[in-house]
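What you are looking at is a predicted structure, and each value in this text was computed from that prediction instead of being measured. Ligands are counted one by one from 1 in listed order, and the atoms in each one are counted from 1 as well. Heavy-atom basis, side chains included; hydrogens, waters and symmetry copies ignored.
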Amino acid sequence: MKVLVIGKGGREHALCWKLGQSPAVTHLFCAPGNPGINRLAEPVALEPCAAAELCDFAAARSVDLTVVGPEEPLALGIVDEFERRGLPIFGPSGAAARLESSKAFAKALMREAGVPTADYAVFDDADAARRYVLTSERPLVVKADGLALGKGVVVCETAGAAVEAIGHIMQRGAFGAAGRRVVIEQRLEGEELSFFALADGARAVKLGSAQDHKPVFDGDRGPNTGGMGAYSPAPHLDGRLEARVMREVVEPTLAAMAARGAPFRGVLYAGLMIRGERLDVLEFNVRFGDPECEALMMRFDGDLALALAAAVKGRLTDEMLRLSPAAAVSVALVSRGYPAGCSRGLPIRGVDDAEQVPEVQVFHAGTAVKDGVLMTDGGRVLVVSARGDNLALAIDRAYQAADMIRFEGMHVRRDIGSRALKQMAGAALEAEQKPQPWRERK
Ligand code: AMP
Ligand code: GLY
């Protein structure tokens with residue numbers, strides 16, 4: 001099987017790493033790839049949104065399966081273009097990708113399908129939006145409707161902050177056309193987690209859970225980024241809750257998409273807020289998260305190429321998506337200045353040593369090679385990922401490896417996964433202190 005992966009970040013490196021392990025894969029291409037990916041896959045000098053050229057390439061090289069990493073080409077309809085030409089591709093159509101590319105669409109669909117989500121209103125007019133926030137009695141979240149690289153959401157402490165966010169998004173055009181319309185919703189409290197399922201157009205199969213760390217500094221301080229690290233699984237998602245997410249979120253969403261004539265095929269990533277028995281959807285994405293994908297791929301024990309190919313044919317089964325019970329963690333090494341501007345072109349040392357740490361993979365996100373030297377070339381530079389029998393072990397390994405890597409201005413969050421460790425320790429303590437049931441007392 002010849003496989004083409006589209007994208008150039010840590011997510012696509014992790015996908016190539018896992019796809020390359022499949023005995024069924026005879027050749028792997030990646031467009032455009034990066035220096036880490038290029039050790040595993042033949043690079044193709046085409047950008048992810050160059051759909052027509054990518055189709056020509058896939059046809060000319062008889063590619064059997066194309067896998068799309070990022071959201072932008074999906075929203076622009078790359079899957080429709082491949083399908084028109086009879087080329088197998090894993091991902092949602094442009095119409096199905098609206099679950100991510102329009103928050104107003106996703107909210108309306110959830111309301112219609114009875115999927116639990118915060119109350120909301122949609123505005124095309126900034127004055128009307130301002131009037132709404134000034135009369136609201138509860139804290140709000142202001143969201144640009146369209147794609148904004150994960151940065152179009154402002155969680156507001158005060159009505160003044162919401163008014164400011166409306167000006168920033170709708171009038172000063174912080175996210176361009178993506179912010180012409182806003183969704184304003186009730187602010188929810190609780191534990192966040194990301195849930196991933198794969199859908200083949202007819203049915204969905206659960207993959208697993210992860211938790212992302214979006215703010216740039218330890219303790220969840222500072223501006224949001226694309227993701228500073230992730231771990232998998234999320235400890236507060238037990239089997240019962242997982243079954244509820246499938247029944248109350250994934251299945252009704254897919255049924256509603258099919259009813260609208262836009263059956264969903266691809267990765268459905270639900271961002272969830274959990275509080276006690278209450279479960280709400282914060283957002284949908286229609287692809288793997290980055291860096292959640294790196295952590296998930298460290299745990300993926302099946303044959304990814306066969307699973308994705310089966311999903312394209314509408315023949316996905318539960319057995320095809322097997323995650324190891326081990327824990328995995330991924331830690332992003334980022335450039336000085338990220339997520340605002342960032343430095344580039346600085347030499348990176350120590351990657352070879354880091355790769356020697358057992359159960360560790362160093363995925364490239366923003367790197368380049370100049371005169372044979374590995375250099376920084378973006379905000380997120382490398383995503384060091386590790387697996388362990390438990391989360392503490394995975395965290396130790398990831399930081400042991402990350403600490404071997406150096407580049408000028410390198411920044412790393414030191415607390416990826418530590419809140420989960422504390423929660424698990426708390427739960428263990430609680431279990432220990434629970435009085436023994438009457439009949440077992442001696
Ligand atoms: P989104 O891109 O919609 O997931 O939003 C980005 C981040 O904003 C989420 O990961 C949450 O931390 C936060 N967020 C989004 N919606 C809400 C909400 N209704 N209440 C509280 N926080 C939210
Ligand atoms: N890490 C968040 C995302 O990929 O959307």
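- In this structure, E277 pairs ionically with R240, as a charged nitrogen and a carboxylate oxygen lie closer than 4.0 Å.
- More than 12 heavy atoms of other residues, nucleotides or ligands shown are found within 6.0 angstrom of CZ on R414.
- Within 6.0 Å of CZ on R387 lie more than 12 heavy atoms contributed by other residues, nucleotides or ligands.
- Ligand 2 is surrounded by D212, G226, Y269, N285, R287, G289, D290, P291, E292, each with at least one heavy atom closer than 4.0 Å.
- Between T225 atom OG1 and R380 atom CZ the span is 6.0 Å, to the nearest 0.5 Å.
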Please produce the table of protein N or O atoms sitting under 3.5 Å from N or O atoms belonging to ligand 1, one pair a line, distance to 0.1 Å.
| unit_1 | atom_1 | unit_2 | atom_2 | d |
| --- | --- | --- | --- | --- |
| ligand 1 | 2 (O) | E283 | OE1 | 3.0 |
| ligand 1 | 3 (O) | K103 | NZ | 3.4 |
| ligand 1 | 3 (O) | K143 | NZ | 3.1 |
| ligand 1 | 4 (O) | E283 | OE1 | 3.3 |
| ligand 1 | 4 (O) | E283 | OE2 | 2.7 |
| ligand 1 | 10 (O) | E192 | OE1 | 2.6 |
| ligand 1 | 10 (O) | K214 | NZ | 3.2 |
| ligand 1 | 12 (O) | E192 | OE1 | 3.3 |
| ligand 1 | 12 (O) | E192 | OE2 | 2.5 |
| ligand 1 | 16 (N) | K143 | NZ | 3.0 |
| ligand 1 | 16 (N) | E185 | OE2 | 3.4 |
| ligand 1 | 19 (N) | E185 | OE2 | 2.6 |
| ligand 1 | 19 (N) | Q186 | O | 3.0 |
| ligand 1 | 20 (N) | L188 | N | 2.8 |

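- At a threshold of 4.0 Å, the pair D318-R203 counts as salt-bridged, since one of the basic side-chain nitrogens sits closer than that to a carboxylate oxygen.
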Just list the side-chain donor-acceptor pairs under 3.5 Å for residues 254-262, sequence neighbours left out, or say none.
| unit_1 | atom_1 | unit_2 | atom_2 | d |
| --- | --- | --- | --- | --- |
| R260 | NH2 | E112 | OE1 | 2.7 |

Intermediate values then yes/no, salt bridge (charged side-chain N to carboxylate O under 4.0 Å, His left out), E164 and R172: CA-CA 10 Å; E164 170 58 27; R172 294 196 291 285; 2.9 Å; yes

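- Looking at I416 and I395, their side chains never come closer than 4.5 Å, going by heavy atoms from C-beta outward.
- Legend: residues meeting side-chain contact (heavy atoms from CB on, under 4.5 Å) with K8, ordered by chain and number and at least two apart, are P32, E47.
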